[in-house]
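Step one of this worksheet: look at the structure below.
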Amino acid sequence: MAIELDLSKILDQYKEEVQQAVDEAQEKAAKAAVDELTASSPRDSRAGKKYYRGWTSQKNGKSVIVYNKNKKQLTHLLEYGHANRDGSRTRAIPHIAPAEKTAADTFETAIRKGLS
């Protein structure tokens, strides 16, 4: 009976350590994504300075969401391009996908470092 209690205590402590490592890794990955998005977002005079400065992150339950608080409607249009009124298409400016890859790599690295 004492062994079961000790084992349970050890597993609970490990669970807390893992959760703390995951939380820290989420924060690092979100910060890396926000930094890269701010640096790589288009700076067009028509959209103003609001788009590239609007990237932020927010903790939502157990996940972290990275989003543009100023011009959220532009993210998909700029990332993939869109049709114009005259039938032509605008060029895509992929800036979210590379930041997502960077965030995933940062998250994985931070998890590995936190659990070792």
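Sequential numbering from 1 along the given sequence is applied to the chain's residues. Hydrogens, waters and symmetry mates are skipped; everything else that's a heavy atom, side chains included, is used. Fair warning: this is a prediction, and the values are worked out from it, not measured in the lab.
Using a 4.5 Å heavy-atom cutoff, the side chains of Lys72 and Tyr67 are not in contact. Between Glu27 and Lys31, the closest side-chain pair of non-hydrogen atoms is not below 4.5 Å. For the pair Asp105/Lys101, a side-chain contact is recorded, criterion being any heavy-atom separation below 4.5 Å from C-beta on. Between Trp55 and Ser41, some side-chain heavy-atom pair lies under the 4.5 Å cut-off. Between Leu37 and Val66 the shortest side-chain heavy-atom distance falls below 4.5 Å.
Residues that satisfy the salt bridge (charged side-chain N to carboxylate O under 4.0 Å, His left out) test with Glu100, not counting sequence neighbours, are absent from this structure. Remark: His76 pairs with Tyr80 by the ring-ring contact (aromatic ring centres under 6.0 Å, His included) rule, at least two apart or across chains.
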Please determine whether side chain to side chain contact (heavy atoms under 4.5 Å, CB included) holds for the pair Leu78 and His95, giving the CA-CA distance in whole Å, both sets of side-chain angles, and the decisive distance to 0.1 Å. CA-CA 8 Å; Leu78 289 172; His95 58 288; 3.8 Å; yes

After noting the C-alpha distance and the side-chain angles of Lys9 and Leu5, does the key distance pass the side chain to side chain contact (heavy atoms under 4.5 Å, CB included) rule? CA-CA 6 Å; Lys9 189 184 288 186; Leu5 293 175; over 6 Å; no

Does the pair Thr75 and Tyr51 meet the rule for a side chain to side chain contact (heavy atoms under 4.5 Å, CB included), with working shown? CA-CA 9 Å; Thr75 55; Tyr51 182 72; 3.7 Å; yes

Evaluation steps, side chain to side chain contact (heavy atoms under 4.5 Å, CB included), between Gln26 and Phe107: CA-CA 6 Å; Gln26 281 180 331; Phe107 183 73; 3.7 Å; yes

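Note: Ser8 OG to Gln13 CD = 11.5 Å, rounded to the nearest 0.5 Å. To the nearest 0.5 Å, atoms CZ (Arg43) and CZ (Arg53) are separated by 8.5 Å.
Shortest non-hydrogen contact noted between Ala25 and Ala110 is CB-CB, 3.6 Å. Ile111 approaches Ala21 most closely through the heavy-atom pair CD1-O, 4.2 Å. Minimum heavy-atom separation, Asn68 to Asn70: OD1-N, 3.0 Å. Scanning both residues, Thr102 and Glu36, for their nearest heavy atoms gives OG1-OE1, 2.6 Å.
At a threshold of 4.0 Å, the pair Asp23-Lys59 counts as salt-bridged, since one of the basic side-chain nitrogens sits closer than that to a carboxylate oxygen. Between Glu108 and Arg112 there is a salt bridge, with a side-chain nitrogen of the basic residue lying less than 4.0 Å from a carboxylate oxygen of the acidic one.
Atom CD1 of Ile3 sits in a sparse spot, with 12 or fewer heavy atoms from other residues, nucleotides or ligands closer than 6.0 Å.
Panel note: side chain Thr90, backbone His82; a donor-acceptor pair is recorded below 3.5 Å.
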